[in-house]
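Any value given below was found using the heavy atoms of this structure, including those in side chains, with hydrogens, waters and symmetry copies removed. Quick caveat: nothing in here was measured; it's all calculated off a predicted structure. Residue numbers run from 1 in the order of the sequence given.
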Amino acid sequence: MKFELDISKTFNFINEKELTNLEPVIKVYHDFINSKQGVGNDFLGWSNLPVEYNEDEFERIKILADKIKNKCDVLVNIGIGGSYLGAKAAIELFSHSFFDLLKGDKKNGVKVIFAGNNMSSKYLSDLMDAIEDKDVCLNVISKSGTTTEPAIAFRILKDFIERKYGLQESKNRIFITTDKEKGTLKSLADKEGYETFVIPDDVGGRYSVLTAVGLLPMAASGIDITSVMEGARDAYDEFSKIYCEDSSLNICYKYAAVRNSLYRKGKLIEVLSNFEPSFQYFGEWWKQLFGESEGKDGKGIFPVSCNFSTDLHSMGQYIQDGLRNFFETFINVAKSEKIIEIGEIEGNIDGLNFLKGKNLHYVNSKAFLGTLYAHYKGNVPCIVLNMPEVSERAFGYLIYFFEKACAMSGFLLGVNPFDQPGVENYKNNMFSLLGKPGYAKLEFNE
């Protein structure tokens with residue numbers, strides 16, 4: 001399995017000397033990450049997860065996932081931000097696109113649905129309608145247990161489960177992933193006897209995909225989490241060294257260096273583009289990772305994502321001819337697990353008989369190359385991350401690639417990549433408007 005990074009289509013905008021000039025500071029930050037020093041060092045636990053994860057808990061995750069598959073039709077995963085986006089990204093990537101329409105014997109895992117990531121009464125009401133006649137388990141993810149969105153969803157769905165199954169059976173259907181020793185959810189789990197898993201103290205939410213936060217819902221959906229961790233370990237081994245065999249920066253740090261150099265040239269927005277619909281929520285995970293890590297102190301590259309070729313018919317015009325204040329990173333999948341061959345039709349009424357004998361992935365790959373060339377010629381700097389295949393192992397590698405690149409990119413930007421002070425502002429304002437005790441009245445003209 002070989003990932004490759006092509007930065008050749010950025011050299012009309014930056015030059016290799018700029019990347020070389022960043023190498024001394026990259027070395028310093030590389031040592032910070034590996035030795036867990038420097039700013040944000042108390043949240044660097046993600047950096048060695050691929051080789052130092054809790055193996056006993058990992059086995060418990062797999063055992064519980066099998067129980068959930070045997071017991072349930074649906075696992076409701078309650079969490080927000082990093083507590084759901086990584087799992088959602090993986091499940092969307094590996095689940096059948098039309099899972100709900102499949103017959104039971106074709107389903108490899110349970111249906112995983114998500115709650116607690118919004119406060120829409122319609123969404124939660126619709127969810128409860130949908131699971132009313134299903135066998136259901138709840139998986140609740142929150143370090144504190146008091147984050148508003150998941151706490152409200154858990155309050156409502158806990159009552160739903162207890163009325164449906166009774167208090168005793170409900171205890172066998174509710175699982176908690178939270179702090180190891182403290183917090184509201186930990187206290188509740190100890191009191192009720194819920195099975196619990198740990199969010200490590202030194203791993204922040206957006207870096208938590210490779211903990212129980214992401215692994216339990218992934219395993220319940222049928223994903224091979226052992227292969228996921230093997231892929232992450234591949235990336236860990238590769239990026240433990242600053243340089244590749246040819247003495248150039250490894251692709252992780254090269255990506256961070258290129259995006260930093262482009263930022264200095266006024267490219268303030270990064271568009272992450274793909275040509276597979278199943279990558280849509282990977283883009284959402286990536287946006288949180290980089291947006292929450294870099295967007296502070298008046299700095300940061302604004303992350304957006306596009307799903308091609310769909311978005312070529314909506315955002316394509318802007319990318320081609322709009323403001324030139326952004327760059328584009330493509331995730332290009334080299335190999336498709338599904339092959340659909342294009343046939344011939346009589347009369348050639350759609351003018352596509354020239355594609356006879358070609359397969360759809362081949363056509364999709366040419367759409368990618370055509371788009372890459374068009375955007376580059378339209379003065380958009382383009383980075384290409386070539387991904388060999390869509391597999392659990394490749395997914396693990398991809399997660400670790402972006403996590404480490406994000407940490408390095410944040411350091412190069414001069415910010416702490418592991419805090420998120422701005423997130424608290426809306427919460428404090430909301431609590432003030434709701435009249436929560438202890439919060440000063442907010443003077444705000446609604």
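- Of all heavy-atom pairs between N48 and Y236, the closest is CA-CE1, 3.9 Å.
- Remark: D159 engages R163 in a salt bridge, criterion side-chain N to carboxylate O under 4.0 Å.
- The aromatic rings of F402 and F282 sit tilted relative to each other, their planes meeting at an angle between 30° and 60°.
- In this structure, the side chain of Y281 does not engage the main chain of A87 through any donor-acceptor pair within 3.5 Å.
- Shown here for F197 and R60, the closest heavy-atom pair between the two residues is CE2-NH1, 3.5 Å.
- Side-chain atoms of S120 and N118 include no donor-acceptor pair closer than 3.5 Å.
- Taking the six-membered ring wherever Trp is involved, the centroid distance between the rings of F290 and F302 does not fall below 6.0 Å.
- Checked for salt-bridge contact, D73 and K111 miss the test: no charged N lies under 4.0 Å from a carboxylate O.
- For Y165 and D135, the side-chain atoms include at least one donor-acceptor pair closer than 3.5 Å.
- When ring centroids are compared, Y207 and Y400 stay outside the 6.0 Å threshold.
- The closest donor-acceptor contact from the side chain of E195 to the backbone of I174 lies at 3.5 Å or more, if one exists at all.
- Using a cutoff of 4.0 Å between basic side-chain nitrogens and carboxylate oxygens, K122 and D126 are scored as salt-bridged.
- For A407 against F418, the heavy-atom pair with the smallest separation is CB-CZ, 3.9 Å.
- Remark: the N274 side chain and the N307 side chain contain an N/O donor-acceptor pair separated by less than 3.5 Å.
- Taking the charged nitrogens against the carboxylate oxygens, K186 and D190 do have a contact shorter than 4.0 Å, which makes a salt bridge.
- Screening K296, Q288, R206 for a side-chain hydrogen bond (donor to acceptor under 3.5 Å, both in side chains) with Q420, the sole residue that qualifies is R206.
- Considering all non-hydrogen atoms of both residues, G283 and L272 come closest at CA-CD2, 4.2 Å.
- A donor and an acceptor atom, one from each side chain of E389 and S391, are located under 3.5 Å apart.
- When all heavy atoms are compared, the tightest approach of Y253 to N250 is N-OD1, 2.9 Å.
- The local environment of NZ in K134 is sparse, with at most 12 non-hydrogen atoms from other residues, nucleotides or ligands closer than 6.0 Å.
- For the residue pair S273/E328, the side-chain donor-acceptor check at 3.5 Å is satisfied.
- For R259 and Y263, the positive end is not near the middle of the six-membered ring at less than 6.0 Å and at most 45° from its axis.
- With ring centers used as reference points, F175 lies 6.0 Å or more from Y194.
- The pair K27-D31 counts as a salt bridge, with a side-chain nitrogen and a carboxylate oxygen less than 4.0 angstrom apart.
- In K335, the NZ atom is not crowded: 12 or fewer heavy atoms of neighbouring residues, nucleotides or ligands sit closer than 6.0 Å.
- Atom CE of M315 has 12 or fewer neighbouring heavy atoms from other residues, nucleotides or ligands inside a 6.0 Å radius.
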**Message:** Checking T177 against V140 for the side chain to side chain contact (heavy atoms under 4.5 Å, CB included) test, could you report, in this order, the C-alpha distance in whole Å, the side-chain angles of both residues, the deciding distance, and whether it holds?
**Reply:** CA-CA 6 Å; T177 304; V140 190; over 6 Å; no
